[in-house]
Amino acid sequence: MKFNERFAAAAASRPAREEMPDATVPATLRRNRLGGDTPPVRLPQGQDRVIAGGVKVRAFVPDHVDGVYLHIHGGGWVFGSADGQDEKLWRLAEQARLAVVSVEYRLAPEHPFPAGPDDCETAARWLVDHAAAEFGTQRLLIGGESAGAHLSVVTLLRLRDRHGNTGAFRAAHLLFGPYDLSMTPSQRLFGSKRLLSNADTLRRSYELFTPAMGAEERRDPEVSPLFADLAGLPPARIVVGTEDPLRDDSLFLAQRWQATGAQVQLGVVAGAMHGFTLFPLTITERELRRERDFLATA
């Protein structure tokens, strides 16, 4: 909570993200790491490559590989990149013995829905077909943070509904995702508190990602997975903080996911704001350990 106060105080001196003109959002925010004002660190362990359909991915492959984690980055579908979290992803790869493949999906507003989901679906299908040959294992996992958590669920639903595949991915790890783009109560009621995300920034992100849609259209299950039939999805770990406008999204999704009979771990982090794992906090280190343990044993 002390960190939240410092963050809000510092944010008060900067332009609000939702007030930036469309052309400024990509130029300003895509250049920097999601949680700060400096460019991310690119590690030599990251391998950039182009897979089927021209989709770009960044892979981290440790010496010992027991599975493949398809990582989908956050950033409100508007910013962020596959090379924005090299240090975290390489550490996860080594500690959990996973090949981590992060998707460089197309971003709004230049590429609105369904471009980003299409790229994530392509990457997932490529892993289903090629993981054994590329990485020596068919044990696949999926997950991401914020918009990446949303895209992870959308990808699992597309694999099931479009390709009849419900068993390829063994587990999903979903950090503070938006699952109802028509806005859950916690989103609408959060107000304009200057934390990493609030009601205003979420509304603006939805307008950029789905520019031709109103609230009712955004309830389409292909856009808002909270309204989808969740049968046949794998075990999941769903995490959110109590100071996150997306709190209800995780609570509601966990309840509906569990109602299908699938195993669900729900983590609610007291005092944590949206995107807390991007910052050097004690609760971040604890959460990253839990993420590693879940993915290593799923």
Side-chain angles (χ1 to χ4, degrees), residues 1-20 22 24-26 28-30 32-37 72-81 84-85 88 107-109 113 116 143-154 174-210 215 218 223-226 238-253 267-281 283-284 287:
M1 296 296 288
K2 289 291 186 183
F3 175 80
N4 294 351
E5 292 174 8
R6 294 195 301 270
F7 184 94
S13 64
R14 298 193 294 264
R17 189 191 316 159
E18 65 275 10
E19 295 173 357
M20 294 180 182
D22 291 357
T24 305
V25 174
T28 303
L29 296 177
R30 289 178 189 168
N32 299 332
R33 67 172 74 233
L34 295 183
D37 301 316
I72 307 177
H73 70 78
W77 309 278
V78 174
F79 58 100
S81 62
Q85 300 180 67
K88 174 194 170 184
L107 299 174
F113 179 89
E145 59 282 333
S146 194
H150 164 271
L151 291 169
S152 296
V153 183
V154 169
L174 309 172
L175 284 171
F176 37 78
Y179 309 114
D180 175 5
L181 275 61
S182 71
M183 303 189 78
T184 53
S186 64
Q187 291 189 49
R188 296 195 304 270
L189 298 173
F190 193 80
S192 57
K193 286 182 283 189
R194 294 297 295 273
L195 298 178
L196 191 66
S197 188
N198 58 38
D200 299 326
T201 60
L202 289 170
R203 191 174 292 109
R204 181 62 172 152
S205 293
Y206 301 156
E207 292 170 353
L208 293 173
F209 180 52
T210 56
R218 292 188 182 112
V223 177
S224 293
L226 187 60
I238 300 172
V239 179
V240 72
T242 60
E243 297 301 307
D244 191 328
L246 298 171
R247 183 187 64 243
D248 284 352
D249 294 60
S250 287
L251 299 181
F252 297 168
L253 185 74
V268 181
V269 183
M273 72 172 183
H274 186 73
F276 72 92
T277 58
L278 298 169
F279 301 94
L281 305 169
I283 56 171
T284 295
E287 179 50 45

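Since we're looking at a predicted model, the values are computed, not measured. Nothing fancy with the numbering, it's 1 onward along the sequence.
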By side-chain hydrogen bond (donor to acceptor under 3.5 Å, both in side chains), which residues pair with [X], not counting sequence neighbours?
| X | answer |
| --- | --- |
| Asp180 | Ser182 |
| Glu287 | Arg237 |
| Tyr179 | none |
| Thr284 | none |

[X] [atom1] to [Y] [atom2] distance, which is reported to the nearest 0.5 Å:
| X | Y | atom1 | atom2 | value |
| --- | --- | --- | --- | --- |
| Met183 | Asp248 | CE | CG | 11.0 Å |
| Met273 | Leu278 | CE | CG | 8.0 Å |
| Glu243 | Asn198 | CD | CG | 13.0 Å |
| Leu202 | Leu246 | CG | CG | 5.0 Å |

Counterpart residues, side chain to side chain contact (heavy atoms under 4.5 Å, CB included), relative to Ser152 (two or more places apart):
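Applying side chain to side chain contact (heavy atoms under 4.5 Å, CB included) to Ser152 gives Ile72, Ile142, Leu174.
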Check this for me: does any side-chain nitrogen of one of Asp244 and Arg247 sit under 4.0 Å from a carboxylate oxygen of the other?
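Salt bridge flag = no for Arg247 with Asp244.
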How are the rings of Phe279 and Phe3 set to each other: parallel, tilted or perpendicular (split at 30° and 60°)?
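Rings of Phe279 and Phe3: tilted, 30 to 60°.
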What orientation do Tyr206 and Trp77 show, parallel under 30°, tilted 30 to 60°, or perpendicular over 60°?
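Tyr206 vs Trp77 ring planes: tilted.
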Side-chain donor or acceptor of His150 paired with backbone N/O of Val223 under 3.5 Å:
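Judged by distance alone, yes, a pair lies under 3.5 Å.
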Using atom types as modelled and distance alone, determine if a side-chain donor or acceptor of Ser146 lies under 3.5 Å from a backbone N or O of Gly75.
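A pair under 3.5 Å: no.
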Would a 4.5 Å heavy-atom cut-off, applied to side chains only, mark Val240 and Asp249 as touching?
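No, every pair of side-chain atoms sits at 4.5 Å or beyond.
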Is there side-chain contact between Phe252 and Ser186, with heavy atoms separated by less than 4.5 Å?
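Answer no - side chains too far apart.
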For Arg188, check salt bridge (charged side-chain N to carboxylate O under 4.0 Å, His left out) against everything at least two apart and list the hits.
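Residues passing salt bridge (charged side-chain N to carboxylate O under 4.0 Å, His left out) with Arg188: none at all.
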